[in-house]
Amino acid sequence: MENKGLLIVYTGASGVGKGTIMKMLLKRNPNLRLSVSATTRKPREGEQDGREYYFVSHERFDEMIAENGFLEHAEYVGNKYGTPKEPVFRMLDEGLDVILEIEVKGFLQVKEACPDCLTIFIAPPSFKELQLRLQGRGTESEEVIAERLRIAQEEMQHQHLFDYVVVNDDLDRAVDEVLSIIADEKKNQ
Ligand code: 5GP
């Protein structure tokens with residue numbers, strides 16, 4: 001099937017500011033849609049089912065795998081996360097550009113399934129900065145933060161596999177950079 005929209009994989013360590021950049025991208029690029037993932041993680045305060053994630057049980061998640069309902073799925077710090085396939089292809093077919101905010105194992109699966117996708121890695125200015133941001137956020141326990149930082153280190157070793165690496169040293173600058181990467185890619189699509 002020839003997709004009309006652009007599929008974008010957007011990855012970065014926990015605490016790097018991906019979510020904040022994403023909100024600004026969606027505001028500034030009206031053709032962009034964020035894919036809502038399914039997860040077995042419990043909602044954080046302020047998160048709404050169907051908006052940040054579809055919050056599902058482990059049983060429901062396994063059913064969705066069995067129904068071949070995911071474009072990709074992976075386990076991350078004890079929970080499962082996956083991209084429901086149907087809405088992504090429907091939006092692409094409608095000519096919308098779809099962005100998947102996913103971790104590295106999911107990125108590798110999407111890259112394999114859709115080699116033409118655009119892949120962007122958001123990197124922190126430094127590892128120390130990442131540690132401070134994650135601790136400052138106060139949404140996770142010390143144990144979970146330590147595990148997220150360990151994974152962040154691993155994820156940063158995959159940066160070179162992405163089409164672009166954007167350093168989040170300054171929020172507005174990083175947003176401008178991602179928007180111009182997408183615009184350039186659309187020109188060449
Ligand atoms: P969080 O629990 O902080 O919302 O997300 C944890 C990690 O899971 C983040 O790196 C996030 O990008 C990733 N993630 C969110 N949704 C998906 C998904 O559908 N698939 C995969 N592979 N990773 C996801």
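In this chain, residues are counted from 1 in sequence order. Atoms within a ligand are numbered from 1 in the order they appear, just like the ligands themselves. Scope of the values below: all heavy atoms of this structure, side chains included, with no hydrogens, waters or symmetry mates.
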Provide, to 0.1 Å, the distance between atom 12 (O) of ligand 1 and the closest protein heavy atom, together with that atom's residue and name.
E101 O, 3.4 Å
May I ask you to identify, for E155, whether its side chain, its backbone, both or neither come under 4.0 Å of ligand 1 on a heavy-atom basis?
neither
Stepwise side chain to side chain donor-acceptor pair (under 3.5 Å) test for T139 and R137
CA-CA 6 Å; T139 49; R137 190 161 82 175; 3.1 Å; yes
Could you check whether any heavy atom of H73 sits closer than 4.0 Å to an atom of ligand 1, since that is the contact criterion I want to use?
no
Give the single entry among Y10, Y81, Y76 that approaches atom 2 (O) of ligand 1 most closely by any heavy atom.
Y81
Among protein heavy atoms, which sits nearest to atom 9 (C) of ligand 1, and what does the distance come to when rounded to 0.1 Å?
K18 NZ, 4.0 Å
Mind checking whether K105 contacts ligand 1 via backbone (N, CA, C, O), side chain (CB onward), both or neither, at a 4.0 Å heavy-atom cut-off?
neither
Return the residue, atom name and 0.1 Å-rounded distance of the protein heavy atom closest to atom 4 (O) of ligand 1.
Y53 OH, 2.5 Å
Just which atoms of ligand 1 are under 4.0 Å from any heavy atom in E72?
18 (C), 19 (O), 20 (N), 21 (C), 22 (N)
Check E52 against ligand 1 and report side chain, backbone, both or neither, counting heavy atoms closer than 4.0 Å.
neither
Closest contact, heavy atoms only, K186 versus K4:
NZ-O, 4.4 Å
Taking atom 23 (N) of ligand 1 as the reference point, the nearest protein heavy atom with its distance:
E103 N, 3.1 Å
Passing candidate, side chain to side chain contact (heavy atoms under 4.5 Å, CB included) with I8, options T119, L32, L100
L32
Side chain, backbone, both or neither: which part of F107 has a heavy atom under 4.0 Å from ligand 1?
neither
Can you find a non-hydrogen atom of R148 under 4.0 Å from ligand 1?
yes
Please list the nearest protein heavy atom to atom 16 (N) of ligand 1 with its residue and the distance rounded to 0.1 Å.
S37 OG, 3.2 Å
Among V110, V98, V36, which residue meets the side chain to side chain contact (heavy atoms under 4.5 Å, CB included) test with V88?
V98
